[in-house]
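Only this structure's heavy atoms are used, side chains among them; waters, hydrogens and symmetry mates stay out. All chains are named by letter (A, B, ...) in the order of the sequence lines, taking the proteins before the strands, and each is independently numbered beginning at 1. Note that the coordinates shown come from a computational prediction; the quantities given were computed from them, not determined experimentally.
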Protein chains: 2
Amino acid sequence: MIKEIINSIYRISSNSLAEIEKIVKYENYDKGISFIEKNKLNNKEYFLLEGVCKSYLINPEGNEITLSFFDENSVLSPYTTRTSNNRSLICFKSLTDIKLASIDANIFAELMVNNLEIRNFGNQVLRNELACKVDKEIGLASLTAKERLIKLREQFPLLENLVPHTDIATYLGITNISLSRLRKGLIK
Amino acid sequence: MIKEIINSIYRISSNSLAEIEKIVKYENYDKGISFIEKNKLNNKEYFLLEGVCKSYLINPEGNEITLSFFDENSVLSPYTTRTSNNRSLICFKSLTDIKLASIDANIFAELMVNNLEIRNFGNQVLRNELACKVDKEIGLASLTAKERLIKLREQFPLLENLVPHTDIATYLGITNISLSRLRKGLIK
DNA sequence: GACTTCCATTAACAAATGATAAGATGTGAT
DNA sequence: ATCACATCTTATCATTTGTTAATGGAAGTC
């Protein structure tokens, strides 16, 4: 049900909701699948119904650097912010088995132009995405790694039990060895 | 002239350009002025015509943390990405004397709805903003401070001669003492 | 000119993080 | 049950970065 996800971000009328539900499709992926790959075609907006996934990029050394985590009942980064010329700028990978709802990004863009409620919803998603990035940016620039871990735990309490610690370490901007040390230091 | 700025981002027809130019106003600020303040009303889009400015936030310790630098002939972060309920989420300060062109954000939003070219321009600005943030995010997560400084110098070669080093240090996520060390290490 | 005042640099020491390598644990396949 | 494989932890040492304090220089004020 994407209704709850949408309304938790910006409340819209059932008419507007119906317009979106008309074009929804569903996709399931096993754990460990890159369902959006860099430089490949992709023209969808996504809702994560079940499971956990991450957005990431490969750095020059060939390592995956986690950009964001996504928990169930959330919206993945909006199409316009991760796409240029229909090609994806970043990758998304399932970290558990996941269930997605997807809609065509072009049709959704039309709905945004023609429907004020949907436009407001879309813009709110956009602002949230930016706010998240600014928040992370500040954290990386002005918090210690330990403080960043504490903050991440507030956002995703179960994350360390669900996903490889390497993914968490690259998100925090440290090595997985350092993460292990921080975890130990936080036990007491 | 905002024409060159707009066309350097997304080429639009002279008709569309005229629609924007009709509503342009101009503002000048001396060095060191916070012309957008957090939690205050602001409803403008900005073009930076001359000078250098930064966006920033105050961290819990009361220090200004630089989010981005803006050089002449660039667009400042778009309204939707830095505003919620008409209140600014972040601050902007001039680091030199600056000349700005501004337009009403609500009128611009209407232009985006009604004019495909302007919509494409606006969306490109949005994508650029996100791409910048992702780029910085990756840098903070996977580069050393020295590498980040080298990258910043590629983007803004003269920055260290124009603005206080403290502003650069908080952008890089280090102290100004560390910045001084890195500068020395990069001289040879 | 003497005086602040602000900034950048440098030094010395402490703390945090990285790199490498070596165990330990758990899972799945056969 | 055993083996291989991946993952997390731990240990050791090197490097980077932070903290505090002192020094020096440039710009502005009186």
Do B:Ile36 and A:Val134 belong together in a cluster built from hydrophobic side chains that touch within less than 4.5 Å?
yes
Atom-pair distance (CG on A:Leu95; P on D:dT7), nearest Å
12 Å
Test side-chain hydrogen bond (donor to acceptor under 3.5 Å, both in side chains) on A:Glu61 and A:Asn59; report intermediate values, then the result.
CA-CA 5 Å; A:Glu61 285 75 39; A:Asn59 75 357; 3.2 Å; yes
Is it possible for you to say whether A:Val52 and A:Tyr26 belong to one hydrophobic cluster, with membership spreading through side-chain heavy-atom contacts below 4.5 Å?
no
Over 60° means perpendicular and under 30° means parallel, so tell me whether A:Phe92 and A:Phe35 are parallel, tilted or perpendicular.
tilted
Just the rounded figure in Å: distance from P of C:dA16 to CD of A:Glu147.
11 Å
What's the CG-P distance between B:Leu140 and D:dT17, to the nearest Å?
12 Å
Can you name the side chain to side chain donor-acceptor pair (under 3.5 Å) partners of A:Lys44, sequence neighbours left out?
A:Glu27
Quick one: B:Leu143 CG to C:dG18 P, roughly how many Å, whole number?
13 Å
Between B:Asn42 and B:Ser88: side-chain donor-acceptor atoms closer than 3.5 Å:
no
Does the ring of A:Tyr56 carry A:Lys93 above it, NZ/CZ under 6.0 angstrom from centre and within 45° of its axis?
yes
Heavy atoms under 4.0 Å, any strand shown: does A:Arg181 hit a base, just sugar-phosphate, or nothing?
base
Within residues 155-178 of chain A, find the residues that approach DNA chain C with a heavy atom at under 4.0 Å, and present them sorted by residue number.
A:Gly173, A:Ile174, A:Thr175, A:Ile177, A:Ser178
Between P of C:dA16 and CZ of A:Arg148, the distance in whole Å
13 Å
Is A:Lys99 positioned over the aromatic face of A:Phe47, cation under 6.0 angstrom from the ring centre and no more than 45 degrees off axis?
no
Rounded to the nearest 0.5 Å, how far apart are CD of A:Glu45 and OH of A:Tyr79?
8.5 Å
For DNA chain D, consecutive-pair runs of 3 or more (Watson-Crick or G-U wobble, both H-bond-type distances under 3.5 Å) give C:1-30 with D:1-30
Taken to the nearest whole Å, CZ/B:Arg183 to P/C:dA8 is 8 Å
Here the distance between atom C1' of D:dT10 and atom NZ of A:Lys184, to the nearest Å, is 7 Å
When rounded to whole Å, the NZ to C1' distance for the pair A:Lys146 and D:dG18 reads 15 Å
